[in-house]
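Inspection log for the structure reproduced underneath, given as structure tokens.
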2 protein chains.
Amino acid sequence: MGKKRKDGKKSKSKKKDQTEYTLVDLSPALTQAARSMRTVLSRNLFESGLYAGQDGVILSLAESDGMTAGALAQKLGVKAPTMTRTIGRMEAQGFLERKPDAEDARLTKVYLTPLGRDSVQAIEMAASACDRLATLEFSDKEIRNLVRLLKAIDANLQAEALPLEEPDEE
Amino acid sequence: MGKKRKDGKKSKSKKKDQTEYTLVDLSPALTQAARSMRTVLSRNLFESGLYAGQDGVILSLAESDGMTAGALAQKLGVKAPTMTRTIGRMEAQGFLERKPDAEDARLTKVYLTPLGRDSVQAIEMAASACDRLATLEFSDKEIRNLVRLLKAIDANLQAEALPLEEPDEE
DNA sequence: ATCTTTTAATTAAACATTTTAAGGGGCCGC
DNA sequence: GCGGCCCCTTAAAATGTTTAATTAAAAGAT
């Protein structure tokens, strides 16, 4: 626990214990970058008839078609009703379709339609263009490191965010 | 897209077009990380009576008190009406107060109340705890690089996102 | 075999956030 | 002064999200 100098503005001293200030800067920077990214990406995706948030569903299904609604919700970090809503909207748009599972009738599996499959490329291009713009003068190594760190952050935070049913002892 | 290459080890094949795959991974990773961050941060802030999105206002004012509503909106990347709403809510909560500018009556300047000033520390602690959790096994250098890259991404994207009134010719 | 519990998806209701469009004044150039 | 512009605000609406309750089916127990 280091010293904290919260009164007023951050000192511009360049010391090693500067890390705390750097840390505090992370969440705003991440929030801002994500907001800007979403803004630009939404605009790029709009031409395909897609809204932000739908691209993740299509990309997930492109990876493994036939996921259940619950699995999609968990993977994308939203609650089940949100995913139901999203899937319903996308089904109405013709990007995907629901089919009951043959073995377990409780499950609803989601499959890409041809239109949905076509949109994969559009999404990847939009995301790629957006990412390229975002990382204009970055080196490949920087980008790789960035993605790696972001995924690590997500993993760290999700470990805390999840309710984590730990059977204390039995 | 036929090939599913989700194993995350995209660096196996070293081709030129490989960068696209790495790039495509950035926006989902950024989105997910930001979502997880917001979830955890909201939970930490909730105890202070603050909702997500309000912390940025308070931190901005802590840096330079008396910002105008428009300046806050621009700094935080939201539209003016959003900021009006946010400020109104926070004023009702007692975190800040509006005062008309003495020189320019059009401007509304926003100042922290003592309660708002007190919450600065709570916010910084919450953000710090969240950031620390997110970057558990990161080195200082990694964190610094991460913040630097995130800010660069934001700058790159905002340059594009802004309407940028260039009167080339009509 | 039947009853109870658990799991999955949905629906319903509510709420937060944000945006566009429009309104109300104050400032400044002419 | 007058017109245009800028800043904040209000109003209406879209989007996204959550919790709670409902329906249906599988799994397990008696």
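In what follows, chains are A, B, ... by sequence order, proteins preceding strands, each numbered from 1.
- For the residue pair R43(A) / T39(A), no side-chain donor-acceptor distance below 3.5 Å is found, with atom types taken as modelled.
- If you take CG of D101(A) and C1' of dA26(D), they are 12 Å apart, rounded to a whole angstrom.
- Atoms CD1 (I87(A)) and P (dG16(D)) sit 14 Å apart, rounded to a whole Å.
- The side chain of R85(B) places no N or O atom within less than 4.0 Å of a non-bridging phosphate oxygen (OP1 or OP2) of dC8(D).
- Each of R89(B) and A80(A) lies near DNA chain C, and the nucleotide nearest A80(A) is the one positioned closer to the 5' end.
- Residue L107(B) contributes atom CG, which lies 13 Å from atom P of dC6(D) at whole-angstrom precision.
- Comparing E103(A) and A69(B) along DNA chain D, the residue whose closest nucleotide (by nearest heavy atom) sits nearer the 5' end is A69(B).
- Residue contacts for R98(B): at a heavy-atom cut-off of 4.0 Å it reaches the sugar-phosphate backbone alone, with no base atom in range.
- If you take CG of L76(A) and P of dG16(D), they are 13 Å apart, rounded to a whole angstrom.
- Within the 3.5 Å criterion, the main-chain N or O of L157(B) finds no donor-acceptor partner in the side chain of S36(A).
- Atom pair Q74(B):CD and dC6(D):C1' shows a separation of 14 Å (rounding to whole Å applied).
- No engagement by Q54(A) is indicated, since no non-hydrogen atom pair under 4.0 Å with the nucleic acid exists.
- Side-chain atoms of Q93(B) come within 3.5 Å of backbone atoms of G49(B) as a donor-acceptor pair (strictly under, hydrogens ignored).
- Taking 4.0 Å as the cutoff to heavy atoms of chain A, we find the contact window on DNA chain C bounded by dT7(C) to dT18(C).
- Ion pairing between a basic and an acidic side chain is recognised when a charged N comes within 4.0 Å of a carboxylate O; K109(B) and E103(B) show no such pairing.
- Within 4.0 Å of T84(A), counting heavy atoms only, lies at least one base atom of the nucleic acid.
- Among the heavy atoms of the strands lying under 4.0 Å from T68(A) are primed sugar atoms or P, OP1, OP2 only; no base atom is included.
- Contacts of R38(A) with the nucleic acid, taken as non-hydrogen atoms under 4.0 Å apart, are absent.
- A salt bridge links E63(A) to K75(A): one of the charged nitrogens lies within less than 4.0 Å of a carboxylate oxygen.
- Computed from coordinates, the L72(A) CG to dT17(D) C1' distance equals 17 Å when rounded to whole Å.
- Salt-bridge formation is detected for the pair R117(A)/D65(A): a Lys NZ or Arg NE/NH1/NH2 atom is positioned less than 4.0 Å from an Asp or Glu carboxylate oxygen.
- One atom, CE of M67(B), and another, P of dC8(D), lie 11 Å apart when rounded to the nearest Å.
- Within the 4.0 angstrom heavy-atom criterion, base atoms lie near T82(A).
- We find that NZ of K109(B) is positioned 13 Å from C1' of dC7(D), with the value rounded to whole Å.
- No donor-acceptor distance shorter than 3.5 angstrom exists from the side chain of Q121(B) to the backbone of D118(B), with no hydrogens or angles considered.
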